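What you see below is based on every heavy atom in this structure, not just the backbone, and it leaves out hydrogens, waters and symmetry mates. Remember, predicted model here, so these are calculated numbers, not experimental data.
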Amino acid sequence: MCGRTSCHLPRDVLARACAYRDRQGRERLPEWKDPDKYCPSYNTSPQSNSPVLLSRVHFEKSADSSERIIAPMRWGLVPSWFKEDDPSKLQFNTTNCRSDTIMEKRSFKVPLGKGRRCVVLADGFYEWQKCQGTTQKQAYFIYFPQARTEGSGSVDVADSLEHWEKVWDNWRLLTMAGIFDCWEPPEGGDLLYSYTIITVDACKSLNDIHHRMPAILDGEEEVSKWLDFGEVSTQEALKLIRPTENIHFHAVSSVVNNSWNNTPDCLTPVNLLVKKEPKASSSSQKMMQWLATKSPKKEDPKTPQKAEPDVPQWSSQFLQKSPLPTKRGAAGLLERWLKQEEPMAKRPHSQ
């Protein structure tokens, strides 16, 4: 399953992270729809808004189906045929959609048949492992492996066509297959766009943590095929829905357990085995630079966006937790991170 995600990037940076080429091979950045509804978060839970990619033709019938839009949508699909006046009255959970029953349940089969396929964007997602012999659970943050790059930096969108290869070379977003629908209140009012994340059996490396995982679209070709319902049939698109082993993870603290907590502490790596004083690593320094910016908050559309620093490039699945005293605010967190290193452990540890 997938019940908590992180997507902390500001709007303009998120668009650059989703750079693509359309059917004619032109370099493009997806445009935003209802950008004010997007609020960056390190700890996103169901019923809140998250950014998804989808084909422009869903909003403009004459558009090329290979062109893309980013739209904030409610997590937890509300079927278009739902007759109540309040989405919270829906009697069943639509946060996730099992791949093996996707064509059996009306809530998912109908929008899928209409081509309402989307890609849910995230830094990564959280999952909880049951600790043996106790009632406690250990949280993990799960994400794509990150390639180390030199000279990473922001590039002005206006210059993106000249320097296409530099549009985005930082944190690789996790791209999860989803289905969306559009619900109109019976008494009239604003349309509600909502989505569900498709899940599959967990891959071998994650099975010790949880037996289910999101259906992850690994690479631009898979993302393109999933979104372009005008060229790729439902039957062909469903062949993309399978587990992937191309995934990394690390343990995180219990801070993430409370969905009200929305700070970098939620995805900061901790080590479950070693608590000695470590020395700083290059990966820790890169994380420190990232965390030194600011905690996510809803952006003022009138305020110009500032150039964004590099996003962290984690190369280890576990980092050690510093024993230094806790300090208030981001400064204390960053000082702890300066003292961290990358240990050798690569498997989850059951307590």
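In this view, Arg23 and Asp64, Ser65, Asp228 satisfy the side-chain hydrogen bond (donor to acceptor under 3.5 Å, both in side chains) rule, not counting sequence neighbours.
A donor-acceptor distance shorter than 3.5 angstrom exists from the side chain of Gln146 to the backbone of Arg172, with no hydrogens or angles considered. Judged purely by atom type and a 3.5 angstrom limit, Ser99 has no side-chain atom pairing as donor or acceptor with the backbone of Val200. Checked by atom type and distance alone, the side chain of Thr268 pairs as donor or acceptor with a backbone atom of Pro264 at under 3.5 Å. Side chain of Asp34 to backbone of Lys37: no donor-acceptor contact under 3.5 angstrom is found. Judged purely by atom type and a 3.5 angstrom limit, Gln138 has no side-chain atom pairing as donor or acceptor with the backbone of Ile209. Put simply, the side chain of Asn261 gets close to the backbone of Val255: a donor and an acceptor are under 3.5 Å apart. Between the Gln129 side chain and the Asp208 main chain, a donor and an acceptor come within less than 3.5 Å of each other.
By the 4.5 Å heavy-atom criterion applied to side chains, Cys7 and Leu14 are counted as neighbours. Here the side chains of Leu112 and Leu238 are in contact, with some heavy-atom distance below 4.5 Å. Using a 4.5 Å heavy-atom cutoff, the side chains of His58 and Ile69 are not in contact. Side-chain atoms of Pro30 and Leu53, non-hydrogen and from C-beta on, do get closer than 4.5 Å to each other. Side-chain contact between Trp226 and Ile241 is present, with at least one heavy-atom pair separated by less than 4.5 Å. The shortest distance between side-chain heavy atoms of Arg106 and Pro79 does not fall below 4.5 Å. Two residues are said to be in side-chain contact when any heavy atoms from C-beta on lie closer than 4.5 Å; Ile142 and Leu206 meet this criterion. Between Cys182 and Ser80 the shortest side-chain heavy-atom distance does not fall below 4.5 Å.
Shown here for Cys2 and Thr199, the closest heavy-atom pair between the two residues is N-CG2, 4.4 Å. Pairing each heavy atom of Cys118 with each of Phe180, the nearest pair is CB-CD2, 3.9 Å. Among all heavy-atom pairs drawn from Tyr143 and Asp123, the shortest one is CB-O, 3.6 Å. The nearest pair of heavy atoms linking Gly3 to Trp75 is C-CH2, 3.4 Å. In this structure, Asn49 and Pro72 approach most closely via the heavy-atom pair CB-CB, 4.3 Å. Taking every heavy atom of both residues into account, Lys89 and Glu84 meet most closely at CD-OE1, 3.8 Å.
Between Arg242 and Glu222 there is a salt bridge, with a side-chain nitrogen of the basic residue lying less than 4.0 Å from a carboxylate oxygen of the acidic one. Ion pairing between a basic and an acidic side chain is recognised when a charged N comes within 4.0 Å of a carboxylate O; Lys239 and Glu236 show such pairing. Salt bridge status for Lys204 with Glu245: absent, with no side-chain N to carboxylate O gap under 4.0 Å. The pair Arg56-Glu31 counts as a salt bridge, with a side-chain nitrogen and a carboxylate oxygen less than 4.0 angstrom apart.
Taking the six-membered ring for Trp and the full ring otherwise, His210 and Tyr140 have centroids separated by 6.0 Å or more. Side-chain rings of Phe59 and Tyr193 approach one another, their centers coming within less than 6.0 Å. Taking the six-membered ring for Trp and the full ring otherwise, Trp171 and Phe144 have centroids separated by 6.0 Å or more.
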Going through the checks in order, is the side chain to side chain contact (heavy atoms under 4.5 Å, CB included) test met by Arg11 and Asp36?
CA-CA 9 Å; Arg11 291 194 300 261; Asp36 292 343; 4.1 Å; yes

Between Asn43 and Ser41, does the side chain to side chain donor-acceptor pair (under 3.5 Å) criterion hold? Intermediate values first, please.
CA-CA 5 Å; Asn43 196 356; Ser41 174; over 6 Å; no

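Aromatic ring orientation, Phe141 versus Tyr126: tilted (interplanar angle from 30° to 60°).
Residue Met176 is tested with Thr5, Val119, Ile198, Leu121 for a side chain to side chain contact (heavy atoms under 4.5 Å, CB included); the sole match is Thr5.
Counted by atom type alone, Tyr38 and Ser50 present zero donor-acceptor pairs between their side chains at under 3.5 Å. Side-chain N/O atoms of Ser45 and Arg4 include no donor and acceptor closer than 3.5 Å. Between His211 and Asp201, the side chains place no donor N or O within less than 3.5 Å of an acceptor N or O (distance only, hydrogens not considered).
Hydrophobic clustering (side-chain heavy atoms under 4.5 Å, transitive across Ile, Leu, Val, Met, Phe, Trp, Tyr) keeps Leu54 apart from Val232.
Between atom CG of residue Asn96 and atom OG1 of residue Thr196 there is a gap of 5.5 Å, rounded to the nearest 0.5 Å.
Taking the centre and axis of the six-membered ring of Tyr20, the NZ or CZ atom of Arg68 falls inside the cone set by 45° and 6.0 Å.
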